Student: 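Dropping the structure in here first, questions after.
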Amino acid sequence: MAKQVKNEQMDKLSSLCKRRGFIFQSSEIYGGLASTWDFGPLGVELKRNVKNLWWQDLVVSREDVVGMDASILMHPKVWEASGHVENFHDPLIDCKNCKTRFRADKGVFYFKCSDCDLNFRVNNGFLEMKDEFKKHFGADLFAEEPDHYKNSDCPHCGGKGTVDAEKLACPKCGSADLSSARQFNLMFKTHFGASEDSASEVYLRPETAQGIFVNFDNVINTARIKLPFGIGQIGKAFRNEITTGNFIFRSREFEQMEMEYFVKPEDSQKWYEYWVNERFNWYKKLGVRAENLRLRPHEKEELAHYAKGCTDVEYKFPFGWSELEGIADRQTFDLDQHIKASGKKLRYFETETNTHIVPAVVESSAGVDRTILTVLADAYWEDAEHNRIVLRLNPKLAPIKVAILPLVNRDGMPDIAKNIFHDVKKHMAAFFDQGGSIGRRYRRQDEAGTPFGITVDSQTLEDGTVTLRDRDTLEQVRIPKDNVVKALKEKLE
RNA sequence: GCGGGUGUAGCUUAGUGGUAAAGCCCCGGCCUUCCAAGCCGGUGACGAGGGUUCAAUCCCCUUCACCCGCUCCA
């Protein structure tokens, strides 16, 4: 029952998005394309505002961060070095009996000792063996593949161990009625060059971060920056997700806002904490209600092997708490990988000590689309008292800042309003509407999230003042019509 | 990808083996002096492809999309 209510919330939100021109399904007239989305006239403004605020706060206003914009297509070796070619796929098997899906490389096999008859079973990554054996092999073995055990000694007698793969069985119900293993590579492939031969296969980037790492040397040689410093980037990324959904939350084409902050390795913990705090507050600054935000530090088992720490910023969506952004202390892993693969020296020369160092990196990786879904979900408000739906967006994010409305369609009011409109339009996104009753026009703007309304009425004809309406409180104040731009700008500060 | 559910106008619903109705929305006009009032007029739909049939929105098959779960992450 609770679930249904939550889905209703998402339905209402996506329906509003379509109705008002925020977000449409991609290729809709051809039946749509799974989990790809288009931003309409209001959506694109909202998106630009989100990105601009990020860029302003993380790049422009900071003396220690520069920006860049890498291409989506990159040399295939980038993805080999980054580990994406090797790790960014999942061989998965479905159990036809109980419908569980599990990873094929965590299948069932036996470790057998040829000398002492010891054997134990490894089942879907869970070692079914006694503690003493766990101690012998190490606790992290559960994620390894059978080959890992091949050359191990028997933990009991030290004899020679062999590994026998068992016919796979479902880890949950034990059934052997399984689908064949299916490789899901999460990277999109395409062909580079006009002829489609595999020699020129390239990937669409699955993250923007690598564009920063491979340009590390170029940036330090040109930007005259000193440690610690960051490189920020906003751009599209593509992942062939197995499962998508929840409106724009998980899509196959999405946009990231990533900032890689390079620091002295010994300072990484300090900066990691700094950025976790900084990024958490950024969402509050966007106007997202604090009670709907939380930080979730990753458990040790959850961390990638090279990461020292990782914390998610989560938002309480109608479908549950979900990740908005990840902040990670990635140590020197990324640069090391590219140093190894490219043979280039990606390093920083520290003049104080006269030494070369490979900096550690603290990464902030946020999703543009998820941020948009967050601010929309957080702003959605059904005002029962006034029978209206309102998007209480932060004015800085609102696609349209002000609606200019003549109260009625005569006595020259439309002309006066139109003049104000042309004036305001030079400074901010504004909307002019003279059709229908005033109440109906206000309601429309409430749904679009427009924070302010300027109305020309009969008093305007007498004393040159107009009313300024506040979206959330419905309060109106009179201001001289020549002060409209100034008053609005003050409100938007 | 697997399982379950859903698909008629922008939205919410009706209906039928003989090409479809309504309310709200939207557009134009009238009227209207502050929060979806009223009047007149108008645009607009059977997700797509194939099959059965004289005839398919309806029956059958396939496919696509969306929702829920498995899974994963920005």
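All of these numbers come straight from a predicted model, not from anything done at the bench. By convention in this document, chain letters (A, B, ...) are assigned in the order of the sequence lines, proteins followed by strands, and residues within each chain are numbered from 1.
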Student: To check you understand the geometry: which heavy-atom pair defines the closest contact between Gln233(A) and Thr208(A), and what is its length?
Tutor: NE2-O, 3.0 Å
Student: So what does Thr371(A) hit on the nucleic acid, given a heavy-atom distance under 4.0 Å: a base, only sugar-phosphate, or nothing?
Tutor: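 Nothing, no nucleic acid heavy atom in range.
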Student: With centres under 5.5 Å and planes under 30°, do Tyr442(A) and A36(B) count as stacked?
Tutor: no
Student: Please give, in whole Å, the distance from A74(B) C1' to Tyr315(A) OH?
Tutor: 17 Å
Student: Charged N to carboxylate O below 4.0 Å: is that the case for Glu323(A) and Arg296(A)?
Tutor: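 Between Arg296(A) and Glu323(A) there is no salt bridge, as every charged N stays at least 4.0 Å from the carboxylate O atoms.
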Student: Starting at atom CZ of Phe22(A), determine the distance to atom P of G10(B), rounded to an integer number of angstrom.
Tutor: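 Answer to the nearest Å: 20 Å.
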Student: Is Asp457(A) salt-bridged to Arg478(A), cutoff N-O under 4.0 Å?
Tutor: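 Salt bridge present between Asp457(A) and Arg478(A).
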Student: For a quick check of understanding: with a heavy-atom distance under 4.0 Å over all strands, which category does Asp411(A) fall into, base, sugar-phosphate or nothing?
Tutor: base
Student: Take atom C1' in U13(B) and the same atom in C25(B), then report the distance between them in whole Å.
Tutor: 14 Å
Student: For Arg388(A) and Lys18(A), take the nucleotide of RNA chain B holding the closest heavy atom to each; which residue's nucleotide lies nearer the 5' end?
Tutor: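 Result: Lys18(A).
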Student: Does a side-chain N-to-carboxylate-O contact under 4.0 Å join Arg370(A) and Glu325(A)?
Tutor: no
Student: Quick one: look up who G44(B) pairs with, Watson-Crick or G-U, both distances under 3.5 Å, and put none if it's unpaired.
Tutor: none
Student: Under the salt bridge (charged side-chain N to carboxylate O under 4.0 Å, His left out) rule, what pairs show up with a residue in residues 64-73 of chain A, not counting sequence neighbours?
Tutor: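 Every salt bridge (charged side-chain N to carboxylate O under 4.0 Å, His left out) pair that includes a residue of residues 64-73 of chain A, provided the two are not neighbours, is Arg62(A)-Asp64(A).
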Student: C72(B) base to Arg250(A) side chain: any donor-acceptor pair below 3.5 Å?
Tutor: yes
Student: Could you state the atom-to-atom distance from CZ of Phe249(A) to P of C68(B) in whole Å?
Tutor: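 It is 12 Å, rounded to the nearest whole Å.
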Student: Output yes when at least one side-chain N/O atom of Arg20(A) is less than 4.0 Å from OP1 or OP2 of C25(B), else no.
Tutor: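 Arg20(A) to C25(B) OP1/OP2: no side-chain N or O under 4.0 Å.
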Student: In whole Å, measure the gap between the C1' atoms of C70(B) and U53(B) for me.
Tutor: 42 Å
Student: Aromatic ring centroids of Tyr261(A) and Trp271(A) under 6.0 Å?
Tutor: yes
Student: Just checking Asp369(A): base, sugar-phosphate only, or nothing, at a heavy-atom cut-off of under 4.0 Å?
Tutor: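 Counting heavy atoms under 4.0 Å across all strands, no contact is made by Asp369(A).
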Student: Name the nucleic acid region contacted by Phe24(A), choosing base, sugar-phosphate or nothing; use a 4.0 angstrom heavy-atom cut-off, strictly under.
Tutor: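 The residue Phe24(A) makes no contact with any strand.
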Student: C73(B) P sits how many Å from Asn240(A) CG, rounded?
Tutor: 15 Å
Student: For a quick check of understanding: with a heavy-atom distance under 4.0 Å over all strands, which category does Arg469(A) fall into, base, sugar-phosphate or nothing?
Tutor: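 If one applies the 4.0 Å heavy-atom cut-off, Arg469(A) turns out to touch a base.
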Student: When both hydrogen-bonding distances must be under 3.5 Å and the geometry is Watson-Crick or G-U wobble, what is U6(B) paired with, if anything?
Tutor: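 The answer is A65(B), by the H-bond criterion.
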Student: Rounding to the closest angstrom, what is the interatomic distance between U43(B) and C35(B) at atom C1'?
Tutor: 28 Å
Student: What interatomic distance, in whole Å, is found between C1' of C59(B) and the corresponding atom of C67(B)?
Tutor: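 Between the two C1' atoms, the distance is 26 Å.
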Student: Which is true for Gly326(A) with a 4.0 Å heavy-atom rule: it touches a base, it touches only sugar-phosphate, or it touches nothing?
Tutor: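 Touches sugar-phosphate only.
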Student: Using a cut-off of 4.0 Å on non-hydrogen atoms, how would the nucleic acid contact of Leu405(A) be classed: base, sugar-phosphate, or nothing?
Tutor: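 No contact.
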Student: Sticking with atom P, work out how far U6(B) lies from U12(B), rounded to a whole angstrom.
Tutor: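 The answer is 16 Å between these two P atoms.
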Student: Looking at Asp433(A) and Arg444(A), is any side-chain nitrogen of the basic one under 4.0 Å from a carboxylate oxygen of the acidic one?
Tutor: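 The answer is yes: the pair qualifies as a salt bridge.
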Student: 5'-most contact on RNA chain B: Asp470(A) or Phe247(A), nearest heavy atom basis?
Tutor: Asp470(A)
Student: Counting any heavy atom closer than 4.0 Å, what does Arg370(A) reach on the DNA or RNA strands: base, sugar-phosphate only, or nothing?
Tutor: base
Student: Report which part of the nucleic acid Glu253(A) touches: base, sugar-phosphate, or nothing (heavy-atom distance under 4.0 Å, all strands).
Tutor: nothing
Student: Expressed in whole Å, how much space separates the P atoms belonging to C11(B) and C40(B)?
Tutor: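 Result for the P pair: 27 Å, nearest Å.
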Student: What interatomic distance, in whole Å, is found between C1' of C24(B) and the corresponding atom of A56(B)?
Tutor: 30 Å
Student: Could you check Asn49(A) against Glu45(A) for side chain to side chain donor-acceptor pair (under 3.5 Å), going step by step and ending with a plain yes or no?
Tutor: CA-CA 6 Å; Asn49(A) 291 341; Glu45(A) 294 294 341; 5.3 Å; no
Student: Give Asn409(A) one of three labels, base, sugar-phosphate or nothing, depending on what nucleic acid heavy atoms sit under 4.0 Å from its own.
Tutor: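 Result for Asn409(A) = base.
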Student: Is there a donor and acceptor pair closer than 3.5 Å between the side chain of Arg19(A) and the base of C11(B)?
Tutor: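 Not at all, since no donor on one side and acceptor on the other fall under 3.5 Å apart.
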Student: Please give the nucleotide sitting opposite C39(B) as a Watson-Crick or G-U wobble pair, both distances under 3.5 Å, or none.
Tutor: G29(B)
Student: Compare the minimum distances between each of U33(B), C66(B), A74(B) and the side chain of Ala34(A), then state the nucleotide with the smallest one.
Tutor: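 Of the options given, the side chain of Ala34(A) lies nearest C66(B).
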Student: Within less than 4.0 Å of OP1 or OP2 of U33(B), is there a side-chain N or O belonging to Arg410(A)?
Tutor: yes
Student: Rounded to whole Å, please give me the gap between CD in Gln25(A) and P in C11(B).
Tutor: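 Checked: the CD to P distance equals 11 Å.
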Student: Need the pair for C72(B). Rule: Watson-Crick or G-U wobble, both distances under 3.5 Å, any strand; none if unpaired.
Tutor: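 The base-pairing partner of C72(B), which may sit in any strand shown, does not exist here.
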Student: Can you see if the side chain of Ser437(A) gets near the phosphate of A37(B) - specifically, an N or O under 4.0 Å from OP1 or OP2?
Tutor: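 Answer is yes, contact under 4.0 Å.
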Student: Can you tell me how far P of C66(B) sits from CG of Asp38(A), to the nearest Å?
Tutor: 12 Å
Student: Over all strands shown, is Gln476(A) touching base, sugar-phosphate only, or nothing at heavy-atom distances under 4.0 angstrom?
Tutor: base
Student: Rounded off to whole Å, could you give me the CD-to-P distance for the Gln445(A) and A36(B) pair?
Tutor: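 It works out to 15 Å between those atoms.
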Student: Return the value, rounded to whole Å, for the distance between atom CG of Asp472(A) and atom P of C35(B).
Tutor: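 Taking CG of Asp472(A) and P of C35(B), I get 18 Å after rounding.
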Student: Determine the Euclidean distance between corresponding C1' atoms of G3(B) and G50(B); express it in Å to zero decimal places.
Tutor: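 Their C1' atoms lie roughly 26 Å apart.
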Student: Counting the atoms with a prime plus P, OP1 and OP2 as sugar-phosphate, which does Ser458(A) contact under 4.0 Å by heavy atoms, base, sugar-phosphate, or nothing?
Tutor: base
Student: Need the pair for A14(B). Rule: Watson-Crick or G-U wobble, both distances under 3.5 Å, any strand; none if unpaired.
Tutor: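 Looking at the geometry, A14(B) pairs with no nucleotide.
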Student: Taking 4.0 Å as the cut-off, does a side-chain nitrogen or oxygen of Arg440(A) come that near to OP1 or OP2 on A37(B)?
Tutor: yes
Student: Can you confirm whether Lys51(A) is buried at NZ, in the sense that more than 12 heavy atoms of other residues, nucleotides or ligands lie under 6.0 Å from that atom?
Tutor: yes
